[in-house]
Amino acid sequence: MIVADFRMTLDEFITAFDEGTIKFYAADPTTGVWDTESAYTGEQPAGYWFDEAGKVCAYPGVVCANFKPDSDEVSKSCVKLCCMPETPVGKQYNCSFGFIDTTDATKFFRFVVTCNITE
């Protein structure tokens with residue numbers, strides 16, 4: 001996705017994120033509309049907590065997505081998903097997030113994730 005959508009290597013992508021050219025944003029899981037206004041509510045440097053409707057909320061939400069760039073070892077960079085321990089087992093939640101090139105908004109990729117809480 002990074003090579004195809006952004007026309008850059010993973011190293012270049014992490015550098016662009018560190019420099020602020022690439023941004024990590026939440027999106028509405030139903031409409032796909034980007035939420036470029038909400039502040040990060042998850043772990044630093046970039047993360048969001050989501051409520052039951054998939055909207056950005058303050059800690060603690062039900063599901064969290066955190067982008068973990070690793071400038072020293074880029075192959076370890078990832079998006080980490082988690083939930084609160086008290087999130088009810090058997091529930092299903094949708095959230096959406098992704099990356100946008102701030103110099104060219106046609107370059108982006110977005111994930112729509114269904115989280116099934118199993119334990």
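Note that the structure is a prediction, hence the values are computed from the model and not measured.
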request  = Please report the closest heavy-atom contact between M8 and I22, naming both atoms and the distance.
outcome  = CE-CD1, 4.5 Å
F99 and its ring-ring contact (aromatic ring centres under 6.0 Å, His included) partner, picked from F6, W34, F109, F111 = F109
note = Rounded to the nearest 0.5 angstrom, the OG1-CD1 distance for T87 and I117 is 5.5 Å
task = Would you check if the side chain of T41 reaches a backbone N or O of Y59 as a donor-acceptor pair within less than 3.5 Å?
result = no
query = Can you name the side-chain hydrogen bond (donor to acceptor under 3.5 Å, both in side chains) partners of T103, sequence neighbours left out?
reply = D101
key: Side-chain heavy-atom pair P69, P45 within 4.5 angstrom cut-off   = yes
ask   = Considering residues at least two apart in sequence or located in another chain, which fulfil the ring-ring contact (aromatic ring centres under 6.0 Å, His included) criterion with Y48?
value = F24, Y40
Short side-chain to backbone donor-acceptor contact, R110 and G32, under 3.5 Å = yes
message = For residues V113 and V63: do they belong to one hydrophobic cluster (side chain heavy atoms under 4.5 Å, members Ile, Leu, Val, Met, Phe, Trp, Tyr)?
response = no
note = So CG of N116 and CG of N94: to nearest 0.5 Å the spacing works out to 9.0 Å
inquiry  = Working to the nearest 0.5 angstrom, can you tell me the gap between D28 CG and K55 NZ?
reply    = 3.5 Å
task = Quick one: closest heavy-atom pair of L81 and A65, and the distance?
result = CD2-CB, 3.7 Å
Donor-acceptor contacts under 3.5 Å from residues 71-78 side chains, at least two apart:
unit_1, atom_1, unit_2, atom_2, d
S71, OG, D18, OD2, 2.5
S77, OG, D70, N, 2.8
S77, OG, V74, O, 3.1

message = Please report the interatomic distance NZ(K80) to SG(C64), rounded to the nearest 0.5 Å.
response = 7.5 Å
query = Looking only at heavy atoms, what is the nearest atom pair of T102 and G20, with distance?
reply = OG1-O, 3.7 Å
query = At their closest point, which heavy atom of F50 faces which heavy atom of A26, and how far apart are they?
reply = CE2-CB, 3.8 Å
request  = May I ask whether F108 and L10 are part of the same hydrophobic cluster, defined by side-chain heavy atoms of I, L, V, M, F, W, Y residues being less than 4.5 angstrom apart, directly or through others?
outcome  = yes
message = Starting from V112 and following side-chain heavy-atom contacts under 4.5 Å between hydrophobic residues (I, L, V, M, F, W, Y), which residues can be reached?
response = none
message = Just verifying a value: how many Å separate D35 CG and E37 CD, rounded to the nearest 0.5 Å?
response = 7.5 Å
ask   = Is F97 linked to Y93 within one hydrophobic cluster, defined over Ile, Leu, Val, Met, Phe, Trp and Tyr using a side-chain heavy-atom separation of less than 4.5 Å?
value = no
request  = Check the side chains of T9 and D11 for a donor-acceptor pair under 3.5 angstrom, ignoring hydrogens and angles.
outcome  = no
note = For P29 and G54, the nearest pair of non-hydrogen atoms, with its separation, is CD-O, 3.7 Å
inquiry  = Can you list everything that forms a ring-ring contact (aromatic ring centres under 6.0 Å, His included) with F17? Sequence neighbours excluded, please.
reply    = F67
task = Using the test salt bridge (charged side-chain N to carboxylate O under 4.0 Å, His left out), find all partners of K68 that sit at least two apart in sequence or belong to another chain.
result = E43
ask   = Is there a path from V62 to V56 through hydrophobic residues (I, L, V, M, F, W, Y) whose side chains come within less than 4.5 Å of each other?
value = no
